[in-house]
Amino acid sequence: MSTSPRPFTLTLAGTIGLAGLLLAATTACTSAGPTDGGPHASSSLSTEDTADASATRPSPGATLPPVAAPPASADRLASFTVRIVAADDALSASGTAAAIAFAEQNGADVEASVSAAGDDDAFAAHLEEAVAAAPSVILTVGPNAVDLVDSASANNIGQLFLLVGAQLPEPTANVTAAVWPGADSRGTVSMAETSPEAFSAHVDAGLEAGFAAILADETGYVYEVPVQ
């Protein structure tokens with residue numbers, strides 16, 4: 001005699017129990033978060049860290065002490081192209097020579113364009129040529145035609161500029177400056193009484209501070225070189 005399979009009968013109590021098990025399983029799956037540094041956790045942490053870093057970073061043009069300079073070496077600036085734009089005046093002539101020597105000694109590819117003292121048209125033309133060449137950095141030494149540098153840097157925000165012995169009246173994030181007492185002006189007038197000897201005595205330290213900041217990716221600030 002054959003027997004038919006007995007139909008499965010689900011009672012009310014069984015229905016309730018099964019529904020409870022399904023609900024518990026669903027809740028456990030949907031509420032489980034990444035506890036091992038998964039994508040959601042790391043993403044949230046990264047955003048907070050970035051916000052904290054931005055909150056503590058000074059605004060462009062802030063005056064800071066120099067950053068620690070890396071050890072000097074013949075290839076420290078080997079990947080750099082440096083265009084020096086200068087004027088042949090008594091105040092910055094020796095500083096420009098020091099800048100050329102500094103760049104060469106540290107392995108940079110350097111080129112200088114020197115205009116006659118007071119020839120703003122020639123200085124502006126040299127600035128335009130330097131910007132068109134798109135070097136790693138455009139360097140000026142002293143307060144020569146600061147207003148022209150100010151304009152060129154503001155109109156070419158992607159180009160890095162370094163000023164040694166002067167600073168801009170309206171700093172932008174692409175301009176780094178190294179200054180010291182007596183060579184921290186925002187124009188030529190206030191440095192009229194500065195002697196070439198007093199100025200050139202600290203140019204090397206200013207160059208070191210400026211390029212150390214660039215190598216450390218701490219650009220856009222004014223670094224005050226201590227004077228003994």
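This one's a predicted model, so the numbers in the text were calculated from it and none came from an experiment.
Results of the side chain to side chain contact (heavy atoms under 4.5 Å, CB included) test with Q167 over V146, V175, V179, T176 single out V179 as the only residue that passes.
The shortest distance between side-chain heavy atoms of L163 and L168 falls below 4.5 Å. Between P65 and E224 there is no side-chain heavy-atom pair separated by less than 4.5 Å.
A pairwise comparison of heavy atoms in A178 and V225 identifies CB-CG2, 4.4 Å as the closest pair. Nearest heavy atoms, V227 versus P181: CG2-CD, 3.6 Å. Residues L162 and G210 share a closest heavy-atom pair of CD1-CA, 3.7 Å. For A87 against A116, the heavy-atom pair with the smallest separation is CB-O, 4.4 Å. Scanning all heavy atoms of the two residues, the minimum distance from P169 to D150 falls at CG-OD2, 3.5 Å.
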Under the side chain to side chain contact (heavy atoms under 4.5 Å, CB included) criterion, do V82 and D109 qualify, and how do the steps go? CA-CA 6 Å; V82 179; D109 179 1; over 6 Å; no
Quick one: do T172 and F161 satisfy side chain to side chain contact (heavy atoms under 4.5 Å, CB included)? Show the steps, please. CA-CA 10 Å; T172 49; F161 289 78; over 6 Å; no
Can you list the steps and then say if S153 with Q159 is a side chain to side chain contact (heavy atoms under 4.5 Å, CB included)? CA-CA 7 Å; S153 59; Q159 173 64 57; over 6 Å; no
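Sorted pairs that involve residues 196-205 and meet side chain to side chain donor-acceptor pair (under 3.5 Å), not counting sequence neighbours, are lacking altogether. Within the structure, ring-ring contact (aromatic ring centres under 6.0 Å, His included) pairs that include any residue of residues 93-124 comprise F102-F211 (at least two apart or interchain).
With rounding to the nearest 0.5 angstrom, the CZ atom of F80 is 10.0 Å from the CG atom of N106. Taking CG from L77 and CD from E104, the interatomic distance works out to 12.0 Å, rounded to the nearest 0.5 Å. The line from CG of D147 to CG of D120 is 6.5 Å long, rounded to the nearest 0.5 Å.
Checked against side-chain hydrogen bond (donor to acceptor under 3.5 Å, both in side chains), D121 has no partners two or more places apart in sequence or in another chain. Shown here are the salt bridge (Lys or Arg N to Asp or Glu O under 4.0 Å) partners of E218, two or more places apart in sequence or in another chain: R57.
The backbone N or O of L148 sits nowhere less than 3.5 Å from a side-chain atom of S151 that would complete a donor-acceptor pair. No donor-acceptor pair closer than 3.5 Å links the side chain of D119 to the backbone N or O of S115. Between the side chain of D88 and the backbone N or O of V114 there is no donor-acceptor pair closer than 3.5 Å.
Grouped by direct or indirect side-chain proximity (heavy atoms under 4.5 Å, Ile/Leu/Val/Met/Phe/Trp/Tyr only), L64 sits with V67, Y221, Y223.
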Using distance only, find each side-chain donor-acceptor pair of residues 124-140 under 3.5 Å and give its atom names and separation, not counting sequence neighbours.
from, atom 1, to, atom 2, distance (Å)
H126, ND1, A122, O, 3.4
S136, OG, T81, N, 3.0
S136, OG, T81, OG1, 3.3

